Amino acid sequence: MKTTPYEITEWPEKTLFTRQEAAQIMGIGVSTLDSLISYSDLPRTVIHKRVFIHRKELEKYITKCTVTAPVLRGQSKLEEAQ
């Protein structure tokens, strides 16, 4: 099943996000984001000792983590759509 790529709508003019901004977009804490970075799950860009997350990498990571729920037996199509 193909997933639709996630697109970040916050700060449309930005290409690089600070760790705090990326954590806010993902709805996680900065320490959790740091763990994702240290485990090499989320690539980072370092500029003058400051860590940034590229918009495309963040969108790719969110898309990769997207899970579609299976339809449960006996569930109607109307319930599935909600």
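From a predicted model like this one, the values you see are computed outputs, not experimental measurements.
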Checklist entry - Are any of the side-chain heavy atoms of L36 and M26 separated by less than 4.5 Å? => result yes
Give, for atom [atom1] of [X] and atom [atom2] of [Y], the distance between the pair rounded to the nearest 0.5 Å.
| X | Y | atom1 | atom2 | answer |
| --- | --- | --- | --- | --- |
| E7 | K56 | CD | NZ | 7.0 Å |
| E57 | R55 | CD | CZ | 13.0 Å |
| I8 | K14 | CD1 | NZ | 11.0 Å |
| D41 | C65 | CG | SG | 8.0 Å |

Next on the checklist: Looking at every heavy atom in both L58 and I25, which two are closest together, and how far apart are they?
Outcome noted: CD2-CD1, 4.1 Å
Checklist entry - Do you know the tightest heavy-atom contact between I53 and P43? => result CD1-O, 3.9 Å
Item to check | Side-chain donor/acceptor of E21 to backbone N/O of T18, under 3.5 Å | outcome: yes
Are [X] and [Y] connected, step by step, through hydrophobic side chains (Ile, Leu, Val, Met, Phe, Trp, Tyr) whose heavy atoms are closer than 4.5 Å?
| X | Y | result |
| --- | --- | --- |
| V30 | V51 | no |
| Y61 | V46 | yes |
| L16 | L33 | no |

